Amino acid sequence: MHQTRFDQVPTSQFSSGHGFFPDEVVLQILSRLPIKSLFRSKTVCKLWCRLVSDKYFIQLYNELAVKNSMLLVEVSESSGLKSSLICVDDQKGVCEFDLGFLKDRVKVRASCNGLLCCSSIPDKGVYYVCNPMTREFKLLPKSRERNVTRFYPDGEATLVGLACNLVSQKFNVVLAGYHRTFGHRPDGTFKCMIYDSETNKWRKFITFQDDQFSHMNKNQVVFVNGALHWLTGGGCSCILVLDLEYDMWRKMSLPDELNCGMGNRFYLLELDGCLSVIQISDTWMKIWVLKDYVREEWRLVDTVSLRCIKGLVPGIFPICQTGEYVLLATHKHILVFHRKSRVWKEMYSVKNSSTLPLWYSAYAFRSTISSCH
């Protein structure tokens, strides 16, 4: 990622004229505050109040924020009538917040660089994009396509993706799935609807696909290199790629060394801006990183023994990672594995037996000040 230099910004823009610290130091301190503390600091003076909406400061803040990947999980009762959002941060611990500011009953469908894409539960076809930390949101316009909600088989898109570009502050929402014309049998038609925040409009294109996706495959969509990526299911999977510039689907191969035999599971994540695949077997977790995106060259970067959490292995799912740690979800626990010390630690657990599995609605999350507008 391009690093912003302080000498690119006029000093007078941030200078108070009588500060105790140089402007650069003040900016570095403020850019490391949690978002809630940052917004409280707006009351200190007019300068700090303007700072939160300054493009240079937003870029600085987000450059630091993307390095700290967190786990966001929707803790829901099995009835689905009541839920809360839990954010698990390896550095700051656990905090809880809600999406009540949307004034709708929603479920999270995708997460990218601090923004969430949520769908309305009572009103199919209604989607929001929001920043839960700043409580800013945008209700997406409905498509003029009457059949946007006629995805097969249950009326909802198979794949929901969110792509947020932190530099341009532009985002896209993708709804894709198998489509059946009313009164006809499904024929493999795969419809893709793309919302563009710059034009505030939807566009669509039609292809033919025969891929299948597990629940975790649908949840774990990764935005890197200007494209969205999903892991397909069944057999030895591949990666389905949607190029947002050219509106085109293509496929990428997984590492040749992956063991596709029984008892091996694969998950698609991001690691420091690169695609990453995590393979879990009965006793090992292997982490692969796509070092060369164009040549599709994968590298094995870590092999982790799972013997000390053997009882949890069948139901454990990696959700997000950095070069320092991996956050994983089970039915009732959120665990962190620290890669340098090789230590496992429980970060969060639920006691209520009526809740849905935590991994069922867990997403990678970053606390940025990305805008929805």
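Note that the structure is a prediction, hence the values are computed from the model and not measured.
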Validation row: L228, V222 side chains within 4.5 angstrom (heavy atoms): no
pair T330-L358: side-chain heavy atoms closer than 4.5 Å: no
K201 atom NZ: more than 12 heavy-atom contacts under 6.0 Å: no
K286 atom NZ: more than 12 heavy-atom contacts under 6.0 Å: no
Provide the closest heavy-atom pair for [X] versus [Y] in the form atom of the first, atom of the second, distance.
X    : Y    : result
I369 : N62  : N-OD1, 3.0 Å
V173 : L140 : CG2-CD1, 3.8 Å
F205 : M248 : CZ-N, 4.1 Å
S361 : N219 : CA-ND2, 4.2 Å
H333 : S349 : ND1-CB, 3.5 Å

Residues forming a side-chain hydrogen bond (donor to acceptor under 3.5 Å, both in side chains) with [X], sequence neighbours excluded:
X    : answer
S214 : N217
R299 : none
D282 : none
Y360 : none

Pairs satisfying side-chain hydrogen bond (donor to acceptor under 3.5 Å, both in side chains), at least one member in residues 269-279, at least two apart: N264-Q279, E270-R366, S276-Q321
The single option from L335, V75, V336 passing side-chain contact (heavy atoms from CB on, under 4.5 Å) against Y348: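 Only one of L335, V75, V336 forms a side-chain contact (heavy atoms from CB on, under 4.5 Å) with Y348, namely V75.
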D243/R250 salt bridge by N-O under 4.0 Å criterion: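 No.
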Note: D90-K345 ion pair, threshold 4.0 Å (strictly below):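 Salt bridge flag = no for K345 with D90.
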Salt bridge (Lys or Arg N to Asp or Glu O under 4.0 Å) against D302, all qualifying residues, sequence neighbours excluded: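 Counting only residues at least two positions away or on another chain, D302 forms a salt bridge (Lys or Arg N to Asp or Glu O under 4.0 Å) with R339, R342.
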Which residues share a salt bridge (Lys or Arg N to Asp or Glu O under 4.0 Å) with K310, sequence neighbours left out: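 None.
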Side-chain donor or acceptor of Y363 paired with backbone N/O of V108 under 3.5 Å: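 Looks like yes, one N/O pair under 3.5 Å.
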Selection residues 107-117 - residue pairs positive for salt bridge (charged side-chain N to carboxylate O under 4.0 Å, His left out), sequence neighbours left out: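 Only K107-E156, R109-E156 qualify under salt bridge (charged side-chain N to carboxylate O under 4.0 Å, His left out).
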hydrophobic_cluster_shared for W344 and V94, side chain cutoff 4.5 Å: yes
Hydrophobic cluster identity match, L312 and L71, side-chain contacts under 4.5 Å: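 Yes.
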Counterpart residues, ring pair (Phe, Tyr, Trp, His ring centres under 6.0 Å), relative to Y293 (two or more places apart): H229
Ring pair (Phe, Tyr, Trp, His ring centres under 6.0 Å) involving W359 - partner list, sequence neighbours excluded: F317
Between N68 and D89, a side-chain donor and acceptor under 3.5 Å: yes
D104-Y128 side chain donor-acceptor pair, cut-off 3.5 Å: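 On atom types as modelled, these side chains qualify, holding a pair under 3.5 Å.
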Qualifying residues under side-chain contact (heavy atoms from CB on, under 4.5 Å), relative to D256, sequence neighbours excluded: none
E96: partners by side-chain contact (heavy atoms from CB on, under 4.5 Å), with sequence neighbours left out: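 Result, side-chain contact (heavy atoms from CB on, under 4.5 Å) vs E96: S84, I86.
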